[in-house]
Amino acid sequence: MAVVSLVAVAITAPGGGRSGGEATVEGRSQGPDIDASAGFARITYDAPDPASGRGPASSSHTDWLPPACYYAPAYSPEEFQAYWDELSSQFYRVGHPDEDKRLLRESLEEQYGEDGEYPNYNVDKEGEGMFWQVVRNENHPDEAAQWACESRTFWVDFDDSPPADIPQAVDIALLAELAYERIRVPDTEVEMNPGGAQTVNLATWIWPTDGGFEPVSVTASLDGYGLSATTTATPVGLSVAPGTEDARTHPGSGECAIDAPAYREGWEDREPPCGVTYLRSTPEGESYELTASVRWEIAWEGSDGSGGTLPDGVFETAYDVTVDEVQTIVR
């Protein structure tokens, strides 16, 4: 069997992109197999203004990661035909051997010719469904996992469900994971009393800034198919780590209520419901790195009434704290 050498041709495909704009894609041919992996998916995300969130609610469970690759709708029939017309035109223009060109023509005819699997690119079904392709999550830390999904193209009508025999095809549960990946939560900002430098053996009160934290939601929708999932991160706990063993946390576990109260004048003799007491001063010019982290519970609800949970997320912020040793304390 003749083999076409691996060819990559970068083009700009019309109508792609998550926002309906243009998207750069690659087409590849090796033997009779065609790989037209799209760099986008027809998935819409309804999320708060990015300025209202600072970072992802990174999973506190190291055995969970967002999807590395999956299959999603990528092209309408007319877009797909235009894509392949341009891709094959470029392939023919760059001077590949005649045998390679013949194999490409035969492969396209077999799949998209009048008697092919998808006759004339299904243009007579415009508005009734879309071509699905593999999407590789370039943000996934495991590059090999991004390529675990084989390159394939298939058609799904808008009134059909994603194929059950393709586990990585986007469904409501996978939409929930993609929404989770895009959740951005605010910095874990806290206030302290006393402010500024702390004092040995004097309890430091710690509480959330501006009245605390609110739930954050992202909805992922599969365009045209009526499927969506809303994933919500809900703040449930505030943790404090003093940055040194020479300290006590309040409470002893360091796990505070998410709505820990702010310090009030006259409470200097009370034990803080959330805080730390340093037992040793910091050397001159040095500091302890106190970290405050919020645990976010993650739950999702699908458009079909389904739902579930995903691993908790944790987002932390570090503070440099200096500690002095003084003989007299004045609040």
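This one's a predicted model, so the numbers in the text were calculated from it and none came from an experiment.
V323 and L279 are not part of a single hydrophobic cluster, where members link through side-chain heavy atoms under 4.5 Å apart. Note on V123 and F80: same hydrophobic cluster, where clusters join Ile, Leu, Val, Met, Phe, Trp and Tyr whose side-chain heavy atoms are under 4.5 Å apart, directly or indirectly.
Put simply, the side chain of P66 does not reach to within 4.5 Å of the side chain of L178, judged on heavy atoms. Two residues are said to be in side-chain contact when any heavy atoms from C-beta on lie closer than 4.5 Å; T277 and L202 fail this criterion. Taking the side chain as every heavy atom from C-beta outward, V156 and Y225 approach each other to under 4.5 Å. The closest side-chain heavy-atom distance from I258 to V236 is not below 4.5 Å. Within the 4.5 Å cutoff, side-chain heavy atoms of N120 are placed close to those of Q81. By the 4.5 Å heavy-atom criterion applied to side chains, V170 and Y71 are not counted as neighbours. The side-chain heavy atoms of F213 and P208, taken from C-beta on, include a pair separated by under 4.5 Å. Within the 4.5 Å cutoff, the side chain of P73 has no heavy atoms near those of the D223 side chain.
Considering all non-hydrogen atoms of both residues, V185 and W296 come closest at CB-CZ2, 3.7 Å. Scanning both residues, C149 and V134, for their nearest heavy atoms gives CB-CG2, 3.6 Å. Taking every heavy atom of both residues into account, P242 and Y278 meet most closely at O-OH, 2.9 Å. When every heavy atom of S303 is checked against every heavy atom of I172, the shortest pair comes out as OG-CD1, 3.7 Å. Of all heavy-atom pairs between V321 and L290, the closest is CG2-CB, 3.9 Å. Between L108 and Y121, the shortest heavy-atom distance links the atoms CD2-OH, 4.3 Å.
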Please step through side-chain hydrogen bond (donor to acceptor under 3.5 Å, both in side chains) for the pair T153 and Q133, ending with a clear verdict.
CA-CA 5 Å; T153 298; Q133 293 187 328; 3.2 Å; yes

Check the pair N201 / E325 against side-chain hydrogen bond (donor to acceptor under 3.5 Å, both in side chains), numbers first and verdict last.
CA-CA 8 Å; N201 292 323; E325 186 163 5; 5.9 Å; no

Let's go through N139 and E181 carefully: what are the C-alpha distance in whole Å and the side-chain angles of both, what is the deciding distance for side-chain contact (heavy atoms from CB on, under 4.5 Å) to 0.1 Å, and is it a yes or a no?
CA-CA 10 Å; N139 295 321; E181 184 182 13; 4.1 Å; yes

Should T291 and T317 be marked as a side-chain contact (heavy atoms from CB on, under 4.5 Å) after you check the CA-CA gap, both sets of side-chain angles, and the distance that decides it?
CA-CA 6 Å; T291 58; T317 302; over 6 Å; no

Stepwise side-chain contact (heavy atoms from CB on, under 4.5 Å) test for S281 and E286:
CA-CA 10 Å; S281 62; E286 297 184 18; over 6 Å; no

Check the pair Y288, T322 against side-chain contact (heavy atoms from CB on, under 4.5 Å), reporting the backbone distance first and the verdict last.
CA-CA 6 Å; Y288 297 132; T322 57; over 6 Å; no

Under the side-chain hydrogen bond (donor to acceptor under 3.5 Å, both in side chains) criterion, do E255 and S239 qualify, and how do the steps go?
CA-CA 5 Å; E255 301 289 328; S239 299; 2.8 Å; yes

Given the rule in the side-chain hydrogen bond (donor to acceptor under 3.5 Å, both in side chains) test, do Q146 and H140 qualify, once you have shown the distances and angles that lead to the verdict?
CA-CA 7 Å; Q146 297 174 24; H140 194 279; 5.3 Å; no

From CA spacing to verdict: salt bridge (charged side-chain N to carboxylate O under 4.0 Å, His left out), R42, E79:
CA-CA 13 Å; R42 295 298 179 84; E79 291 168 350; 2.5 Å; yes

Criterion ring-ring contact (aromatic ring centres under 6.0 Å, His included) on F131 and Y75, from CA distance to verdict
CA-CA 5 Å; F131 285 101; Y75 292 105; 8.1 Å; no

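Of the possible polar contacts, one joining the Q198 side chain to the G196 backbone as a donor-acceptor pair under 3.5 Å is found. Using a distance-only test at 3.5 Å, with no hydrogens or angles considered, no donor-acceptor pair links the side chain of S107 to the main chain of L103. With hydrogens and angles ignored, the 3.5 Å screen pairs a side-chain donor or acceptor of D142 with a backbone N or O of A144. The main-chain N or O of S287 is never found under 3.5 Å from a side-chain atom of D320 such that the two would form a donor-acceptor pair.
Between the side chains of R182 and T219, not a single donor N or O lies within less than 3.5 Å of an accepting N or O.
In terms of the salt bridge (Lys or Arg N to Asp or Glu O under 4.0 Å) criterion, D46 has no residue partners (sequence neighbours excluded).
For R93, the CZ atom sits in a packed shell: over 12 heavy atoms of surrounding residues, nucleotides or ligands are nearer than 6.0 Å. Counting heavy-atom neighbours within 6.0 Å of D115 CG, excluding the residue itself, gives a total of 12 or less.
For the atom pair E316 CD and L238 CG, the distance stands at 11.5 Å (nearest 0.5 Å). To the nearest 0.5 Å, atom CG of residue L175 and atom OG1 of residue T231 are 8.5 Å apart. Between atom CG of residue N193 and atom OG1 of residue T204 there is a gap of 8.0 Å, rounded to the nearest 0.5 Å. Remark: Y263 OH to M192 CE distance equals 16.0 Å, nearest 0.5 Å. We find the CG-CG distance between D171 and D304 to be 9.5 Å, quoted to the nearest 0.5 Å. To the nearest 0.5 Å, atoms CG (N122) and CG (D157) are separated by 8.5 Å.
Ionic pairing of D246 and R280 is present here: one or more N-O contacts between side-chain nitrogen and carboxylate oxygen are shorter than 4.0 angstrom. Between E109 and R105 there is no salt bridge, since no side-chain nitrogen of the basic residue lies less than 4.0 Å from a carboxylate oxygen of the acidic one.
Taking the six-membered ring for Trp and the full ring otherwise, Y118 and F154 have centroids separated by 6.0 Å or more.
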